[in-house]
Amino acid sequence: MASTRRLSSTLEMTSTKQPASRRGSERRPADRRGSGYSSGPSRRPSIDPSRLIPMDKTTHVGGTNDFNVVFIGAGNIMFGSDEGPWNHSFRFEHKLGLRLKVVALIDPAIERATAVLQKKCDSFVLSAYQATRVFKTLEDFVKNMSPKDRPRAIVVGSPPMFRGTLQPGRDIEMQILKYFPGVAIFMEKPIATGPKHELEESFQIAKAISDSKAICSVGYMLRYLKAVQKMKQIIEENELTVMVTIARYACAYESIAKPDWWDKSKSAGPVIEQGTHFCDLSRYFGGEVDIASVTAHSLDWDENAGHLSKVRIDESKIAPENRIPRVTAATWKYDSGAVGSFIHTATLQGHNYSCELEVHADGYSLKLVNPYVQPMLYVRRPGDDHEQMYTFPDDDPFFSEVSNWIDIIEDIEEDPEAAQILSSYEDACRTYELTWAIREASERSRAARLAASKAAATVFEEEGETE
């Protein structure tokens, strides 16, 4: 019997090479902005993993002129927290060095914004923040902006319920296009968490951004993992056709004390708000999804198997219809004919999550494990039943996505294949569409199951009355 044990060998994907001398881009901007990828199932934009330089081994972008940035949102994604590795400001400081000038911090919570700004001013990055002004809205900044404050880039890290639509107060993208046409935009994911009927508005925004020619990147940072790009490299070098993607996301629910996360009416549910990364990676490898083919089932709070013993919030304060499922399992067909599957679970206690993505092709199995903490890639190839393991020390996809975006804004790259945006706004809309399709399919399945159970109970009662 053939052995199936792991670890016939271990390889480290390290890159200590300093950036080569930089030169002006020789490629058309559209080729690098994420708008020119092929529609093939695994031919989306990719980057040679050796080009993804660790933050501590890269050099600041050259130049002496200030690089003005506006930060929208003063929360954890922008300035960090103990809950995870996200901290956009930290990456910008390392990428741009003394050139970084944050001309405005936009957040309606003025006190919080002022507090995080003061911490920055009390640190070694004072030069980036000493002239930063805090405003409640982007419009307030525009009214008080001097010509020297005009931004070259705008970073949106406000909560997703306040973006991705055409509704006043939830239309930050359209405001940016109105006040700063052509200025580069970095948008956090998911692009929105509003009701499903607003999805069409998100696609309208995507078209407006594309028509404006603004350089726009959406923060699906797992696409920038060296492990993910190694997977793409294997697929492309061996001319493989993806046959199936299998994604699993198991969160540690005990560590989630944010009431909104447990309320579908506020967070849109864990598949849309949390599982979006793995649905996006599935699309990155599998291609476009036949949305009509999506089927899903859920395990819900009111079922025997759905009881959780260490929920840290009071779920009784959430309307029953808005309480999140404990498990959601979905399958679908890609336009290529390949099959995709995704399962999200709120089952683990403690703090660490457990996440994996498998991509299979003829003779090949590519398995990505623990992408958020210490990514490992297990590869099985034809002619060998053992898996080869790759590790990727010091990889920081948050930095890589910011670094690539800034290189494109600056029109600088190490070579013609270096800097590319891997997730456009339209691409992110399609991931958002898939997550909504999964949620709706699981809710239809639950409704049908409850209806069948009710009908069976009615028949049982009627039969009892006739005896």
Side-chain angles (χ1 to χ4, degrees), residues 39-42 44 160 164 189-203 206 218 220 222-223 241-251 264-265 267-300 303 306 321-346 355-361 368 423-452:
S39 60
S42 63
R44 295 176 180 276
K189 54 79 213 140
I191 54 168
T193 52
K196 167 67 182 305
H197 66 80
E198 293 178 346
L199 178 60
E200 184 55 39
E201 295 182 13
S202 299
F203 279 103
V218 178
Y220 281 107
L222 294 184
R223 293 192 179 199
T241 298
V242 171
M243 301 173 72
V244 63
T245 63
I246 307 166
R248 177 179 60 79
Y249 191 115
C251 76
K264 289 193 296 183
S265 69
S267 69
V271 171
I272 294 172
E273 193 272 344
Q274 194 175 64
T276 183
H277 275 298
F278 270 57
C279 291
D280 185 73
L281 275 187
S282 298
R283 290 185 55 255
Y284 188 51
F285 287 101
E288 296 307 335
V289 174
D290 176 4
I291 294 296
S293 73
V294 176
T295 61
H297 298 282
S298 62
L299 168 65
D300 288 273
E303 299 180 86
E321 66 273 15
N322 290 329
R323 297 176 194 173
I324 66 164
R326 281 35 176 155
V327 178
T328 303
T331 60
W332 58 83
K333 289 280 286 183
Y334 292 104
D335 287 350
S336 67
V339 175
S341 72
F342 171 71
I343 184 166
H344 180 281
T345 76
C355 302
E356 295 185 4
L357 172 72
E358 293 183 36
V359 178
H360 292 255
L368 173 65
S423 180
S424 68
Y425 197 96
E426 181 182 0
D427 207 2
C429 285
R430 298 195 183 281
T431 292
Y432 185 47
E433 180 181 37
L434 173 59
T435 57
W436 256 112
I438 292 172
R439 173 179 160 175
E440 287 193 320
S442 68
E443 290 176 341
R444 286 195 301 269
S445 172
R446 171 174 165 79
R449 188 171 64 252
L450 292 176

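Below, all heavy atoms of this structure are taken into account, side chains as well, without hydrogens, waters or symmetry copies. As the structure is a computational prediction, the values presented were derived from the model and not from experiment.
- The OG atom of S336 sits 10.5 Å away from the CE atom of M243 when rounded to the nearest 0.5 Å.
- Side-chain contact check for F342 versus L434: every heavy-atom pair is 4.5 Å or farther apart.
- Considering only heavy atoms from C-beta on, I324 comes within 4.5 Å of R326 through its side chain.
- Note that OG1 of T331 is 11.5 Å distant from CD1 of I343, once rounded to the nearest 0.5 Å.
- Across all their heavy atoms, S298 and R446 have their closest contact at OG-CB, 4.2 Å.
- Between the OG1 atom in T435 and the CD atom in Q274 there is a gap of 12.5 Å [rounded to 0.5 Å].
- Across every non-hydrogen atom of C251 and H344, the tightest pair is SG-CE1, 4.2 Å.
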Between E356 and L368, does the side-chain contact (heavy atoms from CB on, under 4.5 Å) criterion hold? Intermediate values first, please. CA-CA 6 Å; E356 295 185 4; L368 173 65; over 6 Å; no
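- Distance alone, capped at 3.5 Å, places no donor-acceptor pair between the S423 side chain and the Y220 backbone.
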Please assess Y249 against V271 for the test side-chain contact (heavy atoms from CB on, under 4.5 Å), listing each intermediate value before the final yes or no. CA-CA 9 Å; Y249 191 115; V271 171; over 6 Å; no
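- Minimum interatomic distance between A296 and I438 (heavy atoms only, all atoms of both residues): CB-O, 3.6 Å.
- The closest side-chain donor-acceptor pair between T431 and Y284, if any, does not fall under 3.5 angstrom.
- Y334 and W332 have perpendicular rings, their planes meeting at more than 60° on a 0 to 90° scale where under 30° would count as parallel.
- A salt bridge links E303 and R449; the closest N-O separation between the charged side-chain nitrogens and carboxylate oxygens is under 4.0 Å.
- Of the inter-residue distances, the one linking C279 atom SG with E433 atom CD reads 12.0 Å to the nearest 0.5 angstrom.
- Residues S282 and L357 meet the side-chain proximity criterion, which asks for heavy atoms closer than 4.5 Å.
- Of all heavy-atom pairs between A338 and V242, the closest is CB-O, 3.4 Å.
- Between the S445 side chain and the A441 main chain, no donor and acceptor come within less than 3.5 Å of each other.
- Two residues are said to be in side-chain contact when any heavy atoms from C-beta on lie closer than 4.5 Å; V289 and R283 meet this criterion.
- You'll find the side chain of R223 reaches within 4.5 Å of the side chain of D427, heavy atoms only.
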So Y432 and T276, side-chain contact (heavy atoms from CB on, under 4.5 Å) or not? Walk me through it. CA-CA 7 Å; Y432 185 47; T276 183; over 6 Å; no
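- Counting all heavy atoms, side chain and backbone alike, A192 lies closest to G164 at CB-CA, 4.0 Å.
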Apply side-chain contact (heavy atoms from CB on, under 4.5 Å) to the pair R439 and K264, showing each step before the final yes or no. CA-CA 10 Å; R439 173 179 160 175; K264 289 193 296 183; 4.1 Å; yes
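- In this structure, NE2 on H297 lies 9.5 Å from OG on S442, to the nearest 0.5 angstrom.
- Taking each heavy atom of T193 and P190 in turn, the nearest pair found is CG2-CG, 3.9 Å.
- Atom NZ of K189 and atom CD of E273 lie 6.5 Å apart (nearest 0.5 Å).
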